[in-house]
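Keep in mind that the numbers below use all heavy atoms, side chains included, and drop hydrogens, waters and symmetry copies. A, B, ... follow the sequence lines: proteins, then strands. Residue 1 opens every chain.
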Amino acid sequence: MQIELRDPNIIMKLSRLGSFHQSKISFLRSFLEEFKNWEFNRDLFDLDENGYGEAVYSLKKNKRIYSLICFANALSDDERSDRVIATKWDAAFVLHDGIPTKKDISRLKINVPKQEVGRVSYKELTLSRANKSLRVFNHVVESLTNGKQPNNKILSDVGYLYRTTAVYGSGKFGLADRFRLKNRNEINGPFRLEMMLVYLIRQFTFDQVNHIAKCKNPQKSIQLADKVSRSLGIGNSTGLGMAPFIVNHPTLLNNWILAREKSLKKIREIKIVDHNDKELFIRCLNNSFKNVTTWQTDSDFQRKKISQLIKDLTKLNQYLKNKFDFNKNYPFNDLYLWIEKNLSEECIEYTVSMMMEPYSKIINPHIKEMSSDEEKYFNIPTDRTISDLRNILETKYNEIIKIDFSEKENNQNFWFISKNKEEPRIANRYKEEGHELEQPLAIARDIKKLYIKISNEKNSLTIGNFLINNNDLRHVVRRAFIIEKFPYAEIQDNIIGSNLVPIDMLRLKLSFFGAMKFDPRSDKWLRITMFQGAPLAKELNNLDEHWMYN
Amino acid sequence: MISLSEIDTTCKRATKAIGFSWGVAEEIGKNMRLLEMFGIPGVNNLLEYFNIYKENNFKKTSLITEKNFSESKPFCPIVSGLNFLDQINSLNNFKEINFKNFAYPIIFLPFASRASEIIGKRIFINMDEKKFILNFNQTIFTNSINDFKIVICNNLSINFLDNKNTFSEKKWNDLYELSKKTFVDETDNLKKNTAGAGLTDND
């Protein structure tokens with residue numbers, strides 16, 4: 001049986017993309033899978049009794065070494081902020097290519113804690129900073145100091161000791177450009193170096209609390225139990241900075257979604273499901289329940305989604321127990337059709353993620369297809385014609401070109417880069433100043449403009465000749481010809497309309513990172529946890545690929 | 001050191017700030033990244049051009065022809081470059097294209113380099129006496145290693161180089177004969193049993 005890929009006009013709507021969950025193709029999971037045979041070491045650990053100082057961790061295989069360099073500093077409570085506008089953090093981190101020399105560490109010690117206003121070199125790969133969750137950090141240190149493991153409830157309410165507030169890569173602030181690393185197989189997956197940095201930071205947070213407790217009370221203190229450490233991840237506060245990324249990298253977005261869609265299609269095409277695969281699916285689904293029920297958020301928006309998800313999962317569970325027969329042909333296709341009909345978007349995508357769990361053989365080849373050589377698609381095919389362009393707009397943007405942008409609500413917002421932090425922001429163009437400096441992210445509006453513009457042009461006119469007088473639309477002409485080749489490259493929504501919920505865009509990206517427990521703090525930023533439940537660095541060699549559901 | 005990614009982003013934003021559209025700015029970001037990767041000072045040339053851009057009037061040609069002359073106003077390298085790239089499939093038929101009075105021609109180079117890749121031909125550019133060969137957007141050869149500052153180029157000529165070998169047929173045959181020494185002489189038995197295909201053409 002041939003199953004069609006899901007319709008981009010449904011999947012690429014923001015409400016659907018904002019319902020995506022982590023899965024086997026998520027970057028943090030594929031990172032662990034790739035690095036499970038690497039040797040982990042703590043090469044330097046030079047902290048004072050308060051936990052301030054430097055540490056170096058490394059992952060090594062053959063002659064390749066990646067080193068995380070950590071700088072932990074004193075920070076007063078009034079200086080601690082998760083906002084990107086902060087200038088000081090509890091700790092700053094950089095991932096270095098190879099073994100850092102003393103000279104490297106001295107250079108980085110000056111620059112890394114400054115983050116955006118410091119400079120790093122092409123020998124550095126990713127850069128980040130993090131703040132303590134004071135409540136959890138202090139509780140853990142105090143408990144360990146007194147010879148007790150920390151209180152589970154306090155830990156599970158938060159889920160981490162530290163949260164990062166930005167992770168930078170790809171040439172920012174002097175970091176290595178991607179092209180310098182493109183022939184390294186082990187990092188041939190999106191954001192793999194960012195995942196490595198976060199994973200190693202997690203280990204530093206455990207070592208730091210253990211160290212402080214030991215300094216405070218050498219006789220009585222104990223170490224954080226491995227089981228407790230495993231239950232902690234690294235938090236992350238994410239704002240609008242991430243949102244434009246998925247608009248600015250259409251081929252990459254396509255490859256992420258396409259990997260998921262191709263995997264689902266192949267799973268739906270399985271005629272007879274093996275008993276063990278069925279059992280694994282059911283086990284992961286059941287065990288994942290605790291990830292949902294321990295999901296804490298103050299956001300009404302997210303609480304409603306979680307509550308609906310729990311109801312839907314209960315319904316799904318009952319259906320699977322009482323009515324569903326895995327012995328019939330193409331059971332996953334039947335199940336998929338049922339969930340599409342009966343469950344909410346949040347639960348549909350949750351179940352799709354679960355369906356992927358038993359099928360490494362199907363999924364792993366697609367993980368290798370999730371990067372993109374974006375440069376390859378940059379040139380506009382100027383020998384093509386207006387007729388071709390019109391056809392693309394009418395087929396790939398058929399709902400977008402129906403939007404009336406003369407209506408204020410459809411043209412309400414504009415995206416801009418803030419002068420203070422050089423970070424993306426969104427504002428109401430009818431209330432705020434600055435819309436003349438709008439970023440080219442109003443794709444829907446500009447596509448519509450292009451569609452109107454070409455309506456009076458001859459079908460046979462070449463794109464090259466059209467552009468002579470229409471370079472103001474060049475960015476969307478380029479885009480249309482990219483989208484032609486990539487079905488899932490475009491968000492099928494208007495991201496300047498009054499209905500936009502920006503965190504849908506963030507959630508999409510974060511789900512591919514492998515984040516869990518999305519906790520919106522407003523419609524523009526959220527907190528998440530990464531690597532919660534993941535094996536510790538010393539356990540990496542015995543990775544259980546379903547660790548999420550243990 | 002500034003990364004290529006930073007060069008791309010900052011050149012893009014600066015190009016938009018000077019008054020070009022975002023689509024054009026994207027081209028300039030990629031182009032300056034390319035020039036700097038080849039070790040040619042794109043950033044210096046771009047900044048100098050932008051410093052005089054608003055006070056001077058530059059010729060913004062639309063359709064490029066074989067001979068493009070502008071006495072009073074020098075040609076804008078960005079608009080000329082864009083049109084050269086966009087019209088490359090028809091320009092490719094000309095033997096030579098000439099511009100007279102061309103501002104900051106180094107900024108034009110990456111457009112031509114990318115065009116070379118699109119048409120699959122090397123492009124030779126002569127900027128007064130500075131010569132460049134653009135090799136399918138893979139490399140740029142030049143006789144001018146250090147001096148890349150050209151404010152105005154009086155004569156800029158562009159030739160599309162035919163794809164031809166750099167060696168004679170004889171030299172090739174000599175090399176081929178040498179390569180044959182890696183082959184195994186076929187006995188009758190080897191002919192029969194090792195080809196994989198059938199023994200007659202009609203099998």
So for [X], is it side chain, backbone, both, or neither that comes closer than 4.5 Å to the heavy atoms of chain B?
X	value
A:S170	backbone
A:Q439	both
A:L175	backbone

Looking only at heavy atoms, which two atoms of [X] and [Y] are closest? And how far apart?
X	Y	value
A:F378	B:E26	CZ-O, 3.5 Å
A:D472	B:S21	CA-CB, 3.6 Å
B:R114	A:N379	NH2-OD1, 2.6 Å
A:G171	B:S5	CA-CB, 4.1 Å

Any donor-acceptor N/O pair, [X] side chain to [Y] backbone, under 3.5 Å:
X	Y	result
B:Q87	A:G464	no
B:S3	A:G174	no
B:W22	A:V476	no
A:D177	B:L4	yes

Practice item. Would you give the length of the straight line joining atom OG1 of A:T382 to atom CD1 of B:I118, rounded to the nearest 0.5 angstrom? Key: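 Separation between the atoms: 6.0 Å.
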
Practice item. Rounded to the nearest 0.5 Å, what's the gap from CG on B:D86 to CG on A:L467? Could you check? Key: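 Rounded to the nearest 0.5 Å, the CG-CG separation comes out at 5.0 Å.
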
Point to revise | Test side chain to side chain contact (heavy atoms under 4.5 Å, CB included) applied to A:I468 and B:I64, B:N83, B:V79, B:L82, the passing residue | key: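 Single pass found, and it is B:N83.
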
Practice item. Please lay out, stage by stage, how A:R119 and B:M1 fare under the test side chain to side chain contact (heavy atoms under 4.5 Å, CB included). Key: CA-CA 8 Å; A:R119 291 298 296 178; B:M1 190 178 171; over 6 Å; no

Check your understanding: Would you find more than 12 non-hydrogen atoms of other residues, nucleotides or ligands less than 6.0 Å from B:E71 atom CD?
Key ->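 Open: at most 12 neighbouring heavy atoms sit under 6.0 Å from CD of B:E71.
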
